Amino acid sequence: MPDHDYDLFVIGAGSGGTRASRVAAAHGARVAVAEEYRVGGTCVIRGCVPKKLLVYGAHFAEDLKDAKRFGWDVPDQCDFSWPTLRDNVLAEVDRINGAYTQTLETHGVEIIPQRATVTGPNTVRLADGTTRTAGRILIAVGAHPAVPECPGHELGITSNEAFHLDAIPKRVLIAGAGYIANEFAGIFHQFGAHVIIMNRTKDILRGYDLAIRDRLLQISMMKGLEFRFDAAFQGIEKDPHGCLTVSMSGHEPVTVDLVMFATGRAPNTSGLGLAEAGVELDDKGAVKVDEHNRSTCSSIFAVGDVTNRIQLTPIAIREGQAFADREFGGKDTVIDYANVPSAVFSHPPLAGVGMTESEAKQKLGSIRVYSSDFRPMKNVLANRDERALYKMVCDGETGRIVGLHMIGPDVPEILQAAAIAVKAGLTKEQFDDTVALHPTMAEELVLMR
Ligand SMILES: Cc1cc2nc3c(=O)[nH]c(=O)nc-3n(C[C@H](O)[C@H](O)[C@H](O)COP(=O)(O)OP(=O)(O)OC[C@H]3O[C@@H](n4cnc5c(N)ncnc54)[C@H](O)[C@@H]3O)c2cc1C
């Protein structure tokens, strides 16, 4: 092997890139990682972590209201300081960013705080114009919010900017109906904004079970969120007071104070020089890889969102780990993408693993479906008219659970444990053999009919 500057050059210090860098270095490789923004990547800096902290903050709006029914003397109108929450969240982000940086440094990874592009199978160019060579290059550059082309689109923001707002707007229009749209809809609503979700189709949260999505839609509408379905952007205009009027097909225009695009995320491959190095991209710009994350150029690999398979942090981390173990630790691991659990931290949250009812019907033919539709005890005392729904989809022949879908308080926490059983191939009978833990919401999992 020719003598390169490094054994591994990683582009992007996000979830996948930091894991791969650290593990490769621990296996003895000489590693450098280039990061053009901040170590930690989307998840830490402007994704999962700050988003979840805002979700916690938003939940207090309901908790404070409910507290009165539990005997607490809470004023009818509680003040909320967005700058306090925002600054505390950003300080926590700084802390984790520091911890990630330190971990890489203590493992001997060289952090290069610059943009890097690929110039050949073993070479990269840095923003300062210098070049580096490496035995292997790992593309872990993630994705960015895709914004629809329409007149005035530059007047809107994306989730990137949402964490830094000066104030919570009174009226917000969120474009898109995926998990980021629904999560921010809940956050803005709980902080007192009037929220309108606008979507190109009639669906929210495609990929999740229909009954669960319908329940979220129904609860969201009950709370006062508005929806505009089958609506395509025609344009956004700003008036002298800073208000934004959004024109859309099929509906009257709406005037709001903030437009947020949550209309999908596209791989960060533009201008990265990949084609020149023989790395093929798909029609969405994602790097094409094999089961070992190797691209069509044998020395260049890719992990995480840039491959546009399952855009979730634990997947990027797993792919980074498997790549480093295989290429530098002699350990051959192939990732199993079946039964990956996921959640939407909406208000209330929902979560799912495995096949939806309609997928299972299509794939298996014979299925059995069990469900529990109940009002959690805490909601009953709080006079909160929100029902939880748990649904179990089983193979009609074997009884094996092939899908579990839930909406209600704390379901992401409950589903993580239940997903182990689904992944292990357990049956409904085995769930029912387990004695209920009473009184909990999770006990519904072993009491379904
Ligand atoms: C608002 C939001 C909420 C989310 N919530 C969740 C959640 O609850 N759960 C979950 O599992 N996932 C969530 N995600 C998705 C998750 O953040 C991503 O799947 C994950 O971060 C992908 O990791 P990655 O390593 O592929 O890329 P990233 O973490 O995006 O890291 C890529 C890094 O590469 C850097 N970079 C890009 N180009 C270059 C270049 N040319 N040179 C140098 N550096 C470069 C970027 O600055 C970035 O730091 C969320 C995402 C968003 C936007």
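Numbering of residues begins at 1 and proceeds along the displayed sequence. If you're wondering where the values come from, they're calculated on a predicted model, not measured in any experiment. Every number for a ligand or one of its atoms is a count from 1 in the order of the listing.
Salt bridge annotation for Arg215-Asp209: absent, with no cationic side-chain nitrogen under 4.0 angstrom from a carboxylate oxygen. Taking the charged nitrogens against the carboxylate oxygens, Arg387 and Asp373 do have a contact shorter than 4.0 Å, which makes a salt bridge. Ion pairing between a basic and an acidic side chain is recognised when a charged N comes within 4.0 Å of a carboxylate O; Glu62 and Lys223 show such pairing. Between Glu92 and Arg95 there is a salt bridge, since a side-chain N of the basic residue sits under 4.0 Å from a carboxylate O of the acidic one.
Between Met248 and Leu173 there is a side-chain heavy-atom pair separated by less than 4.5 Å. No side-chain heavy atom of Glu357 sits less than 4.5 Å from a side-chain heavy atom of His405.
Remark: among candidates Asp305, Thr158, Val124, the nearest residue to atom 26 (O) of ligand 1 is Asp305, based on non-hydrogen atoms. Counting heavy atoms only, Thr42 comes closest to atom 30 (O) of ligand 1 of the residues Thr307, Thr42, Ile11, Val303. Comparing heavy-atom distances from atom 20 (C) of ligand 1 across Val344, Val33, Ile315, Thr313 singles out Thr313 as nearest. Across Ala140, Ala127, Gly41, heavy-atom proximity to atom 32 (C) of ligand 1 is greatest for Ala140.
For a threshold of 3.5 Å applied to N or O pairs, the pair formed by Lys51 and ligand 1 contains at least one separation below that value. Considering backbone and side-chain atoms alike, Ala116 places an N or O below 3.5 Å from some N or O of ligand 1. Considering backbone and side-chain N/O atoms, Gly16 comes within less than 3.5 Å of an N/O atom of ligand 1.
Of all protein heavy atoms, the one closest to atom 44 (N) of ligand 1 is Glu36 N, 3.1 Å.
A heavy-atom separation below 4.0 Å is not found between Lys52 and ligand 1.
Using modelled atom types, one finds no donor on one side chain facing an acceptor on the other under 3.5 Å when comparing His251 with Asp230.
Every atom of ligand 1 with a heavy atom of Ala34 under 4.0 Å away is listed here by number and element: 43 (C), 44 (N).
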